[in-house]
Amino acid sequence: MVNISSPLRFKWVAVILCTCSISSAGPVQIPNLQVPASAAVHQQAVKDIFLQSYSAYSEFAFGHDSLLPVSRSFVDDRNGWGATIVDAMGTMLLMDFTDLFNQALDFVTKIDFRQSNTPSSVSLFETTIRYVGGMISAYELSGKQHQILVDQAKQLVDKMVFAWAKPNQTIPFGEIFFANNSPIAAVNNVAEAGTLDVEWSRVTLYTGNQLYTKLSEGSVRTIAKLPSPFPGLPPQLVDPTDNMFVDAFLTWGGGTDSYLEYLIKYARITNTDDNLFADTWHAAVDSSIVELLRTSTIGGHTYLADWNAGEILLEGSHLACFHGGNWIFGGKLLNNQTIVDIGLKLVEACWNTYASTETGIGPEAFSFIAPNGNFSQPDAQQLAFNREHGFWITTSDYIQRPEVLESNFYAWRATGDTKYLDRAASAITSFQKFLIAKETNGFAGLNDVNNFTAGLEDDTESFWFAEVLKYLYLTFDDPENISLDNFVFNTEGQVFEAPPAKAVYGSSTPTAAAGQFQSKTSDGLALPEISPDPLVSIKPGPLDGQ
């Protein structure tokens, strides 16, 4: 049992005084933003990549979840419902690929979501963000013409509600077998338990059934009200059977990421009068500024470290690089320029992981040196890389992650600085040069972003279509289309209509759960897989950053 009492919060009070805001919410985008004429060429290049990627999928994997572009095959890792098709529908509509959308719509109408097409259990998180989110977004973007998309989303959610298996259970189990509606009794992580409310509240909106909002929102409320090591920052793992944390690992990366992301997004998309969501997000950001923010000794890059039971871990990940865009978005809603400015610095550091590699594409995970923290011990080659770039690569692959380009998109829309357009254009060039699998003409991942000769990873993720290509396309689109003042993106890049913004989000006072932080062992319950796996690359290192 780990117990951490209130003295850890004393230092946090100072930052509240610095970052509180009592003024009205500001617009996320700068007014009257326009893209230069040259943007059309890059936008067309993104459309061409989409068509090339989807053509390969259609030829070798249509109807299955994902293409294996090197082996000319497919994998059904999302229950065999055609994840790529559903995930790509919104992007098809934005790119005016009407024929492809109609084909996808016809396919989706025939899916029986009441049963898995594979023996696998169903992930509440992945199914919600890809399938439910994909269908509801397509329903909205198509002008709400196709009720079948809502009906199919409802069919899925009606099965997933059984993940709340026990009376008065507020946090769901993460996996469920649809054949008998039985969940797997296991520890969940806060990202998966707290990343349902944006999508499920949309299903409530279009069906009138408040149960979906009650369950998904209730999970977030429970997590937010549990005492944590620092205000607003929960550990990664939680046991749904007793609502107790199972570790003391804090991160903006995998396992926690989208829980934090959705706190402010849920406040925005619902315009709820309950300040819990915005205030908890504000607390998480303030705590992160005090406890996790680090500047690298080489290059002066701004990173958010991880924290494990009192130990600062100087590590970062591609997954965590959504944080820059999220801080820009939330900082604008709170009219808090301090948060926006730090968000922009986080964007810079994450982009540096792209600009520093042979391929111009960033790695899955990395470490850096800063005062007051531990880091993985670099070998001679990594040390030389660090001397030049201010970080070194610890996990070298690229699995078509969107987060760096996602935050780059937010930075462009919020500042109008054309350097973000240049960066997006360079990513397009890198994708065209390094990711094409000659076997199918599809797009794959990389085994090593700093050594192209290491070859391709044999997978085309569904979020390649839903996120990477959508964020790139919209970066070069008219900013009034899918304006960040009128739409909210889910963590899979699916676009939802937002009501007119409120005058104020949150109370201007970050909210911290009362009480003493506690965590326990898992008591024999299975632990979820987290990507990237925390602590794998971390060994005790010098505390002085030398």
Side-chain angles (χ1 to χ4, degrees), residues 49 69-70 253-254 294 296-306 313-322 324 346-370 375-408 419 422-438 442-461 463-464 467-468 472 531-539 541:
I49 292 173
V70 177
R294 292 293 185 274
S296 64
T297 56
I298 296 175
H301 303 295
T302 299
Y303 297 108
L304 289 182
D306 292 337
L313 307 176
L314 302 176
E315 60 184 1
S317 67
H318 202 298
L319 269 174
C321 280
F322 85 96
L346 294 172
V347 172
E348 290 297 304
C350 285
W351 179 255
N352 182 55
T353 68
Y354 272 55
S356 300
T357 68
E358 172 188 293
T359 61
I361 302 171
E364 178 73 357
F366 55 91
S367 285
F368 57 95
I369 298 175
F375 50 86
S376 63
Q377 296 300 296
D379 59 28
Q381 186 177 9
Q382 290 173 322
L383 198 59
F385 189 91
N386 178 67
R387 283 195 294 267
E388 184 175 354
H389 301 294
F391 74 98
W392 66 92
I393 297 168
T394 55
T395 305
S396 62
D397 58 335
Y398 172 68
I399 60 170
Q400 300 182 332
R401 299 275 193 205
E403 291 81 12
V404 173
L405 296 173
E406 171 186 352
S407 287
N408 187 73
K419 71 180 180 182
D422 296 337
R423 292 171 178 179
S426 72
I428 294 169
T429 300
S430 292
F431 293 160
Q432 292 170 322
K433 184 175 181 180
F434 295 110
L435 299 189
I436 298 175
K438 64 181 184 300
F443 283 72
L446 288 171
N447 288 319
D448 189 338
V449 296
N450 207 40
N451 179 16
F452 173 65
T453 62
L456 299 175
E457 286 205 349
D458 191 16
D459 193 23
T460 304
E461 294 280 357
F463 51 71
W464 171 253
E467 296 187 79
V468 176
L472 281 174
S531 174
D533 189 11
L535 309 180
V536 163
S537 63
I538 292 296
K539 300 176 182 178

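Only this structure's heavy atoms are used, side chains among them; waters, hydrogens and symmetry mates stay out.
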On a heavy-atom basis, the closest approach of P69 and A437 is O-CB, 3.6 Å
Rounding to 0.5 Å, atoms CD1 (I369) and CD1 (I298) come to a distance of 6.0 Å
In terms of heavy-atom contacts, I399 and E364 come closest through CG1-OE1, 4.0 Å
ask   = Does the side chain of F452 reach to within under 4.5 Å of the side chain of L446, using non-hydrogen atoms?
value = yes
What one should report as the nearest heavy-atom pair of Q382 and P378 is OE1-CA, 3.2 Å
OG1 of T302 to CD of E348, rounded to nearest 0.5 Å, is 9.5 Å
ask   = Given side chains that start at C-beta, do those of L435 and I49 come closer than 4.5 Å, heavy atoms only?
value = no
Between the OG1 atom in T353 and the NE2 atom in H389, the distance rounded to the nearest 0.5 Å is 11.0 Å
Scanning both residues in full, the closest heavy-atom pair of F368 with G316 reads CE2-N, 4.5 Å
Of S430, S356, P363, the one forming a side chain to side chain contact (heavy atoms under 4.5 Å, CB included) with V449 is P363
Mind telling me whether H318 and Y354 have parallel, tilted or perpendicular rings, with 30° and 60° as the class edges? tilted
Quiz item: Side chains of S376 and S367: do they bring a donor and an acceptor to under 3.5 Å?
Solution: yes
On a heavy-atom basis, the closest approach of A370 and T297 is CA-CG2, 3.9 Å
Checklist entry - Between Y303 and F366, is a ring-ring contact (aromatic ring centres under 6.0 Å, His included) present by the stated rule, with each step listed? => result CA-CA 11 Å; Y303 297 108; F366 55 91; 5.7 Å; yes
One should read off an interatomic distance between K433 NZ and I428 CD1, to the nearest 0.5 angstrom, of 15.5 Å
Is there a side-chain contact between F443 and I436, using heavy atoms and a 4.5 Å cut-off?
yes
Between the CD1 atom in I361 and the CG atom in D397, the distance rounded to the nearest 0.5 Å is 11.5 Å
So NE2 of H301 and CZ of F391: to nearest 0.5 Å the spacing works out to 8.0 Å
